[in-house]
Structures are given as structure tokens and as C-alpha cells.
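Report on the structure given below.
Naming convention: chains lettered A, B, ... in sequence-line order (proteins, then strands); numbering from 1 in each chain.
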Amino acid sequence: MTVKHGSKRLVVGAHYGFRDWLSQRVTAALMALFTLALVVQVLMPGPMSYDKWAGIFAAQWMKLLTFTVVVALLWHAWVGMRDIWMDYIKPVGVRLVLQVATIVWLLGCAGWAVQVLWRL
Amino acid sequence: MSNAPAKPRPVYRNIHITDIVRYRLPVAGMVSILHRVSGAMMFLLLPFALWIFDASLSSEFSYEALASAFAVGAGPLPGWLLKLVSLALIWAYLHHAIAGVRHLWMDATHSVAKVQGATSAVATLALSLLLTAALGAKLFGLF
């Protein structure tokens, strides 16, 4: 019989959750770095005002970084919510509906964020 | 191949919702379930965060309108309610982020012993609650 475990584990086909595990960490690290970049800019000298706040997001690099973080958040939230549905919702039909609703919700929110960014 | 009759295998069930009140979780378990709860909260509050993002950036006028909504309320919504929801969001973000860093630290340094799990869980709860209290005090104008 062919050995299919240990170092001879079949690694094609199903990805054993490794992709989700890794993308959850990479997207989280990106969001953490974004948070630091934003906090540093907010704490720059000078009182908080519309001009200061809008100025932070007016820079092209900040728009692109924020956009990337929005995509990271969307992906991160998808992996997390999918885990929640898989753990607690057993009927396949209900789970599918909730998963589709999650995708619609996340894409809608991402669209709104993009609209805000490039209207500025 | 052994032909011995199979022993009944142990069954590990998920904790039923009615067990939650009498089930004593270790502190690492508290951090774990709160990681999930805070993530779900932020998922549901995404439109609230986006509303703040939108209003704060769209124009000077919408920025002022948002500030006054938080100060004195907007329509049927009192200002304190907006602040309270924001505080919930702040806690969720802080807990989720710090518990996430704890995960990365455990992955990177293989700090997965029982004692390390407990101490880092206490640190996660202490730091997130302390920062939430500080930002909450700022939000409600205590300093």
C-alpha cells in the first residue's frame, strides 16, 4: 500500500487549510502595519481637524495602502466568518446561504470604502 | 490487522449554547472565544465604521456633522449611543489585534506551553482592557 502520510503526505488537491492559515497571518500583519502608519500620522503635531484628517488620506501612497488593507480585511474577514459558519451551522443549505451573504456583505463594504477613498 | 472488538471511541462534542453559563473556561479559552466574538462584532459593525470613514472624509461639512452627531446625537440616535457602539468597536479591534499578535508570537517562538498560554492570555486581556478604558475615557471626554 502506498504511504500517504508523514513526509509522503499527498500535498496536491486539498490544501489542508495551510493557505487559510497563512493568508490569515499575512493579512493581519498588513492591517497591523497600516494601523501603526495611521496612528503615527494622527499623532503628528497639530490639533485634529478636517484638513489634517483628510490630508492623511489625500496622499496617493496612503490611498493605495488603504485600498490594499481593505482587500486584506475583506479576505481576512471571509476566512474568519467562513470558520464560524463551518463550526456552528451544520445544515449545508443554510451554511451556503450565510456564506454567500457574507461575500455580498464584504464586497459591498469594500466597494463603499473604495468610493470614499477616490472621491477625496 | 487486529480483530479485537473496537473500543467505543470517545466523543468530543462542541459545548452547547446552554452549557456556556456553567462551563468554566481557562483564561486562554476566554481570550480564544473573545477573539471570535470580537471578529464577528467587527464584521457586523463594518457599515458603522464605514459610515464614520465616509462622513469624516467626504467634506468639511460632513466632518462637522459627524462631530456634532457624536456630541449631541443625530435624529433619533443620542450621542452617547454612538459613543458606546464606537467603544464596543474599539474594544473589539484592540482585543482582536492583541490576541492576533499573541498568535503570531506563539507561532514564531513555539510558545505553546500551558503556562505561557495562561500568562500571555492574562497579558492580552489586561492590555486590551487598559487601552479600551483609556480610549473610552478620551471618547467620553473624561480628559
Side-chain angles (χ1 to χ4, degrees), chain A residues 21-22 24-36 38-39 42 48-58 62-63 66 69-70 73-74 76-90 98 101-102 105-120, chain B residues 1 12-17 20 32-68 70 89-90 92-108 131 134-135 138-139:
Chain A
W21 179 88
L22 188 62
Q24 209 61 341
R25 276 148 183 81
V26 173
T27 52
L30 243 172
M31 289 186 280
L33 288 176
F34 170 82
T35 305
L36 288 179
L38 184 61
V39 167
V42 166
M48 183 41 82
S49 65
Y50 173 74
D51 285 340
K52 182 181 177 180
W53 178 243
I56 292 173
F57 288 95
M62 191 61 181
K63 278 195 211 297
T66 310
V69 165
V70 166
L73 193 151
L74 171 106
H76 190 95
W78 162 244
V79 173
M81 290 307 294
R82 181 171 159 269
D83 278 349
I84 291 182
W85 302 139
M86 288 196 301
D87 278 355
Y88 304 125
I89 309 295
K90 299 304 173 187
L98 287 168
T102 302
W105 178 266
L106 286 172
L107 283 178
C109 286
W112 189 0
V114 168
Q115 184 193 26
V116 172
L117 277 176
W118 272 283
R119 194 170 49 201
L120 199 63
Chain B
M1 289 298 282
Y12 301 102
R13 292 179 192 282
N14 281 338
I15 303 164
H16 191 262
I17 196 97
I20 286 175
S32 177
I33 190 62
L34 289 176
H35 199 160
R36 180 161 275 196
V37 169
S38 57
M41 269 171 64
M42 285 189 287
F43 171 77
L44 292 173
L45 287 174
L46 264 177
F48 180 75
L50 280 163
W51 168 67
I52 294 175
F53 186 57
D54 192 345
S56 67
L57 283 175
S58 290
S59 69
E60 220 164 342
F61 178 76
S62 65
Y63 180 93
E64 293 303 331
L66 181 70
S68 99
F70 271 77
L89 201 55
I90 287 170
Y93 190 91
L94 287 169
H95 180 86
H96 207 84
I98 295 169
V101 170
R102 174 173 174 264
H103 263 303
L104 292 177
W105 168 75
M106 288 171 105
D107 290 346
L131 283 171
L135 289 172
K138 180 80 183 161
L139 180 64

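- Between Trp105(A) and Phe43(B), the two ring planes are tilted [angle within 30° to 60°].
- Of the atoms belonging to Leu73(A), it is side-chain heavy atoms, and not backbone ones, that fall under 4.5 Å from chain B.
- Counting heavy-atom neighbours within 6.0 Å of Lys138(B) NZ, excluding the residue itself, gives a total of 12 or less.
- Evaluation of the side chain to side chain donor-acceptor pair (under 3.5 Å) test over residues 41-50 of chain B, restricted to residues two or more places apart or in two chains, returns none.
- Using a 4.5 Å cut-off between heavy atoms, Trp21(A) contacts chain B through its side chain alone, with no backbone atom that close.
- Interatomic distance, NE2 of His76(A) versus CE of Met42(B), reported as 7.5 Å (0.5 Å rounding).
- Contact of the Leu117(A) side chain with the Phe53(B) side chain is registered, since non-hydrogen atoms from C-beta on lie closer than 4.5 Å.
- Using a 4.5 Å cut-off between heavy atoms, Ser49(A) touches chain B through its backbone atoms (N, CA, C, O) alone.
- The two residues Tyr93(B) and Met31(A) come nearest to each other via the heavy atoms OH-O, 4.1 Å.
- The two residues Ala113(A) and Leu50(B) make their nearest non-hydrogen contact at CB-CD2, 3.7 Å.
- Although no hydrogens or angles enter the test, the distance criterion places no donor-acceptor pair under 3.5 Å between the side chain of Tyr50(A) and the main chain of Ser56(B).
- Sorted by first then second residue, the salt bridge (Lys or Arg N to Asp or Glu O under 4.0 Å) pairs that include residues 47-63 of chain B, not counting sequence neighbours, are Arg119(A)-Asp54(B).
- Heavy atoms closer than 4.5 Å to chain B are found nowhere in Ala32(A), neither backbone nor side chain.
- Taking Gly100(B), Ser59(B), Ala67(B), Ala40(B) one by one and counting their heavy-atom pairs under 4.5 Å with chain A, the maximum is reached by Ser59(B).
- When all heavy atoms of Leu57(B) and Ala54(A) are compared, the pair lying nearest together is CD2-CA, 3.7 Å.
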